[in-house]
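Below is one structure, written out as structure tokens; the observations come after it.
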Amino acid sequence: MLEIGLTGGIGSGKTRVADLFAARGAAIIDTDLLAHEITAPHGLAIPALVEAFGPQCLRPDGAMDRDAMRALVFADPAAKARLEAITHPLIRQLTESRAAAVRAGGRHPYLIYVVPLLVESGSWRQRVGRVLVVDCSEATQVARVMSRNGFTRPQVEAIMARQATRAQRLAQADDVIDNEGRPEALAPQVERLDRLYRSQAAAAPLHTAD
Ligand code: ADP
């Protein structure tokens with residue numbers, strides 16, 4: 001199956017673009033959503049999180065307290081490593097089982113993984129057939145995330161400083177969607193790529209990630 005990695009910096013518009021591909025029939029596996037799923041109440045990661053960080057890492061509803069954990073790992077690299085040692089293998093497992101279901105289902109022309117840190121993680125680059133980057137200027141990223149998340153400018157800039165740069169991301173791209181402009185500009189770009197991916201999938205039906 002043709003498998004594509006969709007990435008972009010925070011606030012670039014990955015979610016919007018993924019939704020447009022889903023509307024055209026693509027299978028989407030969003031690793032950010034999986035990260036939320038495993039840390040939701042009764043999520044797969046919750047028992048290990050409580051064991052590692054104590055019950056104070058949870059909110060009253062039993063979900064991981066994301067704000068508290070973000071503050072903790074920001075200040076403490078060892079805590080970040082412990083958190084990732086719990087969450088990353090679970091996200092990988094879920095990604096793999098969902099991808100296997102998509103491949104077996106035969107209902108989708110191609111599969112898109114939404115991976116915020118694809119460029120930063122070498123293993124992802126190797127397991128996808130193509131990399132699609134959603135691109136916009138850094139100033140636009142900052143403005144969008146300030147308004148979406150209610151973060152301050154320094155908060156957004158601190159997150160961006162720990163992600164790949166725009167140039168590093170573009171250097172890895174097979175395909176680029178320009179999301180600097182209005183949201184309406186996305187649909188024709190998605191349509192063009194959907195046609196390309198469908199024709200590639202038809203030309204190389206046995207192309208898989210492994
Ligand atoms: P990501 O998933 O890459 O973090 P989102 O798709 O959530 O990005 O987009 C970030 C924010 O910016 C969201 O609030 C979204 O609605 C908004 N947004 C995305 N694209 C545009 C655009 N072209 N014009 C204006 N706002 C946009």
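Since the model is a prediction, treat every value here as computed from it, not as a measurement. Remember, it's 1-based here, ligands and their atoms both numbered in the order they're listed.
Because its NZ or CZ atom is not both nearer than 6.0 Å to the ring centre of Y110 and within 45° of the ring axis, R130 does not count as a cation-pi partner of that residue.
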Please tabulate, line by line, the atom pairs linking an N/O of ligand 1 to a protein N/O at a distance below 3.5 Å, with the distance in Å to 0.1, or answer 'none'.
{"from": "ligand 1", "atom 1": "2 (O)", "to": "T15", "atom 2": "N", "distance (Å)": "3.1"}
{"from": "ligand 1", "atom 1": "2 (O)", "to": "T15", "atom 2": "OG1", "distance (Å)": "2.6"}
{"from": "ligand 1", "atom 1": "3 (O)", "to": "S12", "atom 2": "N", "distance (Å)": "3.3"}
{"from": "ligand 1", "atom 1": "3 (O)", "to": "S12", "atom 2": "OG", "distance (Å)": "3.4"}
{"from": "ligand 1", "atom 1": "3 (O)", "to": "G13", "atom 2": "N", "distance (Å)": "3.0"}
{"from": "ligand 1", "atom 1": "3 (O)", "to": "K14", "atom 2": "N", "distance (Å)": "2.8"}
{"from": "ligand 1", "atom 1": "3 (O)", "to": "K14", "atom 2": "NZ", "distance (Å)": "2.8"}
{"from": "ligand 1", "atom 1": "4 (O)", "to": "G11", "atom 2": "N", "distance (Å)": "2.9"}
{"from": "ligand 1", "atom 1": "4 (O)", "to": "R148", "atom 2": "NH1", "distance (Å)": "2.9"}
{"from": "ligand 1", "atom 1": "6 (O)", "to": "T15", "atom 2": "N", "distance (Å)": "3.3"}
{"from": "ligand 1", "atom 1": "6 (O)", "to": "R16", "atom 2": "N", "distance (Å)": "3.2"}
{"from": "ligand 1", "atom 1": "7 (O)", "to": "R148", "atom 2": "NH1", "distance (Å)": "2.8"}
{"from": "ligand 1", "atom 1": "8 (O)", "to": "G13", "atom 2": "N", "distance (Å)": "3.1"}
{"from": "ligand 1", "atom 1": "16 (O)", "to": "R16", "atom 2": "NE", "distance (Å)": "3.2"}
{"from": "ligand 1", "atom 1": "16 (O)", "to": "R16", "atom 2": "NH2", "distance (Å)": "3.2"}
{"from": "ligand 1", "atom 1": "20 (N)", "to": "N179", "atom 2": "ND2", "distance (Å)": "3.0"}
{"from": "ligand 1", "atom 1": "23 (N)", "to": "R144", "atom 2": "NH2", "distance (Å)": "3.3"}
{"from": "ligand 1", "atom 1": "23 (N)", "to": "N179", "atom 2": "OD1", "distance (Å)": "2.7"}
{"from": "ligand 1", "atom 1": "23 (N)", "to": "G181", "atom 2": "O", "distance (Å)": "2.9"}
{"from": "ligand 1", "atom 1": "23 (N)", "to": "P183", "atom 2": "N", "distance (Å)": "3.4"}

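Of the possible donor and acceptor atoms, one in the side chain of E180 sits under 3.5 Å from a partner among the backbone N and O of S137.
Within a 6.0 Å radius of CD in E51, no more than 12 heavy atoms belonging to other residues, nucleotides or ligands are found.
The salt bridge (charged side-chain N to carboxylate O under 4.0 Å, His left out) contacts involving residues 19-29 comprise R24-D194, where partners must be two or more places apart or lie in separate chains.
Residues passing the side-chain hydrogen bond (donor to acceptor under 3.5 Å, both in side chains) test with R195, sequence neighbours excluded: E191.
Members clustered with M146: I10, V142, V145, F151, V156, I159, M160, by chain and number, using a 4.5 Å side-chain heavy-atom cutoff among hydrophobic residues.
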